[in-house]
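Okay, structure first, notes after.
Below, read A as the first sequence line, B as the second, and so on, with proteins coming before strands; counting in each chain starts at 1. For clarity, every value in this text was computed on a predicted model and none was experimentally measured.
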Protein chains: 2
Amino acid sequence: MSSINTKKKESSEVNLNEDPRGRILSAAGREFAEKGFEAATIRDICTLASVNVAAVNYYFGDKHRLYIESVRHAHEERSRQFPLPVWADGTLPTEKLRGFVGNMLERMLGFDKPPWQVQLMLREVLHPTDACRELVEDYIRPHFSVLCKILHELTDGNSTPAELRRIGLSIGGQCFLYRAAGDVVGMLIPPNEIKEMHNSVDLADHITAYCLAALGKHAPLSVEAS
Amino acid sequence: MSSINTKKKESSEVNLNEDPRGRILSAAGREFAEKGFEAATIRDICTLASVNVAAVNYYFGDKHRLYIESVRHAHEERSRQFPLPVWADGTLPTEKLRGFVGNMLERMLGFDKPPWQVQLMLREVLHPTDACRELVEDYIRPHFSVLCKILHELTDGNSTPAELRRIGLSIGGQCFLYRAAGDVVGMLIPPNEIKEMHNSVDLADHITAYCLAALGKHAPLSVEAS
DNA sequence: CTGGAAATGAAACAAGCGTTTGAAACGGTT
DNA sequence: AACCGTTTCAAACGCTTGTTTCATTTCCAG
């Protein structure tokens with residue numbers, strides 16, 4: 001008769017009813033996301049997951065393969081939480097664009113809950129390792145293709161695929177900035193302005209309007225008295 | 001107290017005529033930029049700088065203070081290499097904008113020589129540490145202010161400072177994407193398209209045209225047959 | 001030339017890392 | 001009960017890390 005875990009550790013709570021393997025993946029994702037591959041330690045991950053240090057090598061072989069699996073786990077989970085947007089037939093391209101940008105911002109900035117999955121994926125984008133190619137093909141490229149398709153509709157076929165891709169990158173780059181360099185943006189912009197304007201709704205409005213105005217589908221952002 | 005050492009020793013591959021302190025700073029900058037703070041090792045840095053491991057602690061105290069000094073050294077050097085652009089009186093705002101964006105891309109992407117300084121600064125932007133605040137105040141904010149001032153001229157005072165800042169971020173975000181996520185961009189875009197269009201001239205043209213079109217200062221990027 | 005501070009270097013330090021071990025505990029089957 | 005493959009655990013291994021030690025060399029003023 002041994003008391004297994006009558007005592008609770010001070011860990012910020014993981015589902016103890018989940019598989020040890022799943023617990024490790026979740027804990028590893030959080031740690032890798034927060035500290036990066038080198039700085040995250042197997043010991044910390046195992047403490048967080050309430051398993052022995054040997055469990056990582058038992059289930060995953062070594063730290064590197066655990067990392068690869070963590071990235072895969074992260075973008076699979078994120079794909080389930082935020083599936084690719086679809087629209088009813090006849091939806092205006094402008095509405096689609098607005099919806100796509102809003103969805104992208106929600107997905108990246110995650111105002112509802114702290115998205116460690118995105119943070120981990122972001123690390124792969126910024127400093128690619130072996131896990132990057134799969135991430136791009138399974139997660140990023142599908143989203144990028146949808147965006148380009150919307151832009152194709154929007155420009156009535158007046159733009160080449162290369163131009164569409166470049167405009168798509170312009171849109172993605174803006175969302176990307178707020179996610180990847182959010183801290184610095186917060187230092188550059190007055191705090192009250194952050195609170196007022198830097199939410200997913202207003203940012204999506206701005207980015208969409210900026211694009212539509214550039215494409216001549218909308219009034220310019222700033223009209224001069226002419 | 002500080003008598004400059006003027007003697008020269010046998011040759012190596014690094015600048016051996018420089019101060020040991022300077023050699024360490026340069027080597028540390030490269031290593032920190034390439035591998036990050038945790039993964040870079042004092043031993044590697046010292047080997048690269050052709051000094052003993054004890055030298056780091058002798059000149060800088062510890063690894064953390066060496067890192068702080070490296071970041072400072074990087075953005076000071078970069079400021080000297082790429083000073084803030086100035087224009088003759090009467091230069092059109094549109095020309096200024098095009099010049100600023102081109103300068104920014106050259107500075108960030110550095111097509112001439114591998115800019116480890118920028119890579120190190122980028123790491124601070126993405127994962128801020130103690131060195132970030134100084135970097136923002138001394139390097140990033142001045143550039144951002146210049147950009148906002150150009151946009152102010154461009155819109156003839158028809159936009160609020162908050163709007164100007166947001167447009168400025170839209171421009172910066174696009175440049176930022178190519179620098180920070182260049183590898184993923186390279187996976188999303190066909191290789192020949194990269195070679196043809198993704199250079200500092202064509203990118204600057206696109207980003208500038210995109211902005212000017214959005215502000216109604218220029219023909220839309222895509223004109224539909226109406 | 002010479003004394004003493006500044007700078008350098010080889011070796012060692014304690015601590016932490018990823019990983020391995022071998023035995024104990026578990027869970028289902030006969 | 002006894003068996004056996006699977007899973008867990010505490011302890012230790014070998015290695016690398018940042019840092020320190022202390023003897024030696026270098027430098028320049030006296």
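- Across the protein-nucleic acid pair, D19(A) atom CG and dT6(D) atom P stand 16 Å apart, rounded to whole Å.
- Applying the ring-ring contact (aromatic ring centres under 6.0 Å, His included) criterion to H143(B), with sequence neighbours excluded, gives Y139(B).
- Here the P atom of nucleotide dA7(C) and the CD1 atom of I24(B) are 12 Å apart, to the nearest Å.
- Here dA6(C) presents its P atom at 7 Å from OH of Y58(B), a figure rounded to the nearest Å.
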Quick one: side chains of residues 200-209 of chain A, donor-acceptor pairs under 3.5 Å with protein atoms, not counting sequence neighbours, listed by atom name and distance.
from    : atom 1 : to      : atom 2 : distance (Å)
S200(A) : OG     : E106(A) : OE2    : 3.0
D202(A) : OD2    : N199(A) : ND2    : 3.0
D205(A) : OD1    : R98(A)  : NE     : 2.6
D205(A) : OD1    : R98(A)  : NH2    : 3.1
H206(A) : NE2    : S170(B) : OG     : 2.9
T208(A) : OG1    : A204(A) : O      : 2.6

Generate the contact string for nucleotides 16-23 of chain D. Rules: B means base contact, S means sugar-phosphate contact only, - means no protein heavy atom under 4.0 Å. -BBBBB--

Are R141(B) and S145(B) close enough, and set up right, to give a side-chain hydrogen bond (donor to acceptor under 3.5 Å, both in side chains), and what steps lead you there? CA-CA 6 Å; R141(B) 189 186 298 282; S145(B) 296; over 6 Å; no

With a cut-off of 3.5 Å and sequence neighbours excluded, list every side-chain donor-acceptor pair involving residues 181-198 of chain A.
from    : atom 1 : to      : atom 2 : distance (Å)
E193(A) : OE1    : R165(B) : NE     : 3.2
E193(A) : OE1    : R165(B) : NH2    : 2.6
E193(A) : OE2    : R165(B) : NE     : 3.0

N/O donor-acceptor pairs under 3.5 Å from side chains in residues 38-46 of chain A, not counting sequence neighbours:
from   : atom 1 : to     : atom 2 : distance (Å)
T41(A) : OG1    : D44(A) : N      : 3.1
T41(A) : OG1    : D44(A) : OD2    : 3.4

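- Backbone-only contact: Y59(A) has heavy atoms under 4.0 Å from sugar-phosphate atoms and none from a base.
- For R72(B), the salt bridge (charged side-chain N to carboxylate O under 4.0 Å, His left out) partners at least two apart in sequence or on another chain are E69(B), E134(B).
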